[in-house]
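First the proteins, then the strands, lettered A, B, ... as listed; each starts at 1. Since we're looking at a predicted model, the values are computed, not measured. We use all heavy atoms of the structure for the numbers below, so side chains are in, but hydrogens, waters and symmetry mates are not.
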Amino acid sequence: MNKDIFLTNSLGNKKEKFVPIDKNNIGMYVCGPTVYDDPHIGNARPLVVFDILYKVLKCKFGNKSVTYIRNITDVDDKIIKSSLDKKISIEDLTKMVTKNFHKDCNYLFCEKPTEEPKATENISLMIKMTEDLIKKNYAYTNNNHVYFEVKKFKDYGKLSNKNLDELIAGSRVEISENKKNPEDFVLWKPSKDNEPNWDSPWGKGRPGWHLECSVMSKKYLGIKFDIHGGGRDLIFPHHENEIAQSRCANDSDTFANYWVHNGFITISNEKMAKSQGNILKINDFKNKINGQVLRLALISAHYKQPLDWNENLIEQCQKTLNKWYESYVQIEKKVLIPEEYLSPLFDDLNTPGYIANLHKLYEKSQSGKTKDKEVFTSACNFIGLLKDNKNNWLDFKKEKSIISEQEILLKIEERNKARENKNYKLSDKIRDELLDKGVLIEDKDGKTTWKLK
RNA sequence: GGCAACGUGGCGGAAUGGUUACGCAGAGGAUUGCAAAUCCUUGUAUCCGAGUUCGAUUCUCGGCGUUGCCUCCA
């Protein structure tokens, strides 16, 4: 495809044409989960958004030209706290949550990233970067802690559009006796005996948050790379601090060229938060809803926009996919999607615009031509929809149905007898009862068929 | 207080300096015992005020409102 890709770059906050450093070797780093608790629907959004960006980049530059790195943060204060709360060991906790995370990724039809490095497997590199920062006089040690001295980095605040004085005046900054300045952030800190720890020049301890992304992006993508992604909330302080560390440690004038951040999900217009008690885990949906439905819901708004999660949204997406599966065909060989239909995705990942095009392609495919159905199915597949074949889609509904096939057939027989006797009151009652249980009756050409809603 | 984002029909949600996509819901019709499904037809929207302009929903400024971030966060 000749079309250029445009992305909104948080660094500067403008939509820009995407120009890779090396078009044969594109690097994308996305902040993955901190494995302290099962992933929720908010975590699902970047998973799907950046999965689609990965697909778009591969479409433009070739499958082998894109390296997608998504880390797993498996050392962090939240993990320590969660393991105490749940009364299981840190190792068991991080293993379990990582496993669940992978299940959720599959459920959402996300492709595997090229690599998925873990923080705990890269501690020595973190120690090395911390040493470099001390050597270069960007960091200082005090009382077994190592801090990054923010004021030494002149571009601090550029990504989040903050200036240092105001930040300090903001006064929510944690005051610590060990810090020279309140805005400084920790690179290394000591661990208590029961906390995870590694030997370091500053004693037994563990790395601060932020450091793992600086180290692992460098390991896999180099000092400078193309795209760094994550949720909006990571802009400050996480990504700001990553930039500071990385550029200072690497003596580099840039880190990632394009910063892409997705907006938040609200639950029925309320912020999703533990205090609200409205955290929806991805896993909670698995018993009722096909992952395809969640995926469509997650991309029904533009990635930068807030997305409200509610019953109505899910219902609409379920309905849409039910309809779309009517035009599903098995794809045998590669089918080209016309550029005019693909183009919204190239324009800052405009998924709602692309969905509108899918509706148009569906409309076209209804004419009955196999070719049109192939184009439609391929266009859906491109963003990870209709990836489940039609039988799986139907089987899923059957499995989750509260009424068995046998019961349904009995009811239909009963209803048809009533119809023969012109007892329409009874026949309509049976139909409504079935509908309540999610079964839709259709009388066509003298035959009654049924399907699950 | 500081920094941002957003405000489009009944709902969701794009785009655009000139006729405002698309989906859902609604209305009418064909069909049906009635429905469903399908097909056809169809109504409805750019927060307020000022400015720039031949023309503003779009650009600028000012309101009002909503939301996010400001060292836990996707």
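When heavy atoms are screened at a 4.0 angstrom cut-off, A:Gln305 is found touching the sugar-phosphate backbone but no base atom. A:Phe50 comes within 4.0 angstrom of nothing in the nucleic acid, heavy atoms only. Among the protein residues, A:Thr266 comes within range of no part of the nucleic acid, since none of its heavy atoms lies under 4.0 Å from any strand. Within the 4.0 angstrom heavy-atom criterion, no nucleotide atom of any strand lies near A:Arg45.
Note that OH of A:Tyr354 is 9.0 Å distant from CG of A:Leu385, once rounded to the nearest 0.5 Å.
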Using atom names, set out every protein N or O paired with an N or O of nucleotides 28-32 of chain B below 3.5 Å, distance rounded to 0.1 Å.
none

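Ring geometry for A:Phe148 against A:Tyr138 counts as parallel: the plane angle stays under 30°, on a 0 to 90° scale with 60° as the upper cut. Between A:Trp259 and A:His228, the ring planes lie parallel to each other; the angle is under 30°, not in the 30° to 60° tilted range. Between A:His210 and A:His238, the ring planes lie tilted relative to each other; the angle falls in the 30° to 60° range.
With the nearest nucleotide of RNA chain B identified for both A:Lys360 and A:His302, A:His302 has the one nearer the 5' end. With the nearest nucleotide of RNA chain B identified for both A:Tyr424 and A:Pro352, A:Pro352 has the one nearer the 5' end.
As a whole-Å value, the separation of A:Lys319 NZ from B:rA36 P is 11 Å. In this structure, the OH atom of A:Tyr303 is 14 Å from the P atom of B:rA5, given to the nearest Å. In this structure, A:Ile235 places its CD1 atom 8 Å from C1' of B:rC69, rounding to the nearest Å. The CG-P distance, from A:Leu296 to B:rC24, rounds to 12 Å in whole Å. Atom-to-atom, CH2 of A:Trp259 to P of B:rA5 comes out at 19 Å; the value is rounded to the nearest Å.
Here A:Asn350 reaches the OP1 or OP2 of B:rA15: one of its side-chain N or O atoms lies under 4.0 Å away. A:Lys323 has a side-chain polar atom (N or O) that falls below the 4.0 Å cut-off from OP1 or OP2 of B:rC24. For the pair A:Tyr341 and B:rA21, the criterion of a side-chain N or O lying under 4.0 Å from OP1 or OP2 is not met. At the phosphate of B:rC69, OP1 or OP2 sits under 4.0 Å from a side-chain N or O atom of A:Lys271. Between A:Asn13 and B:rA4 there is no side-chain N or O to OP1 or OP2 distance below 4.0 Å. OP1 or OP2 of B:rA4 sits under 4.0 Å from a side-chain N or O of A:Asn161.
When the P atom is used for both B:rG28 and B:rC22, the distance is 23 Å, rounded to whole Å. On the C1' atoms, B:rC61 is 24 Å away from B:rG18, given to the nearest whole Å. B:rG49 and B:rU42 are spaced 32 Å apart, taking the P atom of each and rounding to whole Å.
For B:rG33, its base sits under 3.5 Å from the side chain of A:Asp428 at one donor and acceptor pair at least. Checked by distance alone, A:Asn310 brings no side-chain donor or acceptor within 3.5 Å of a matching partner on the base of B:rC11.
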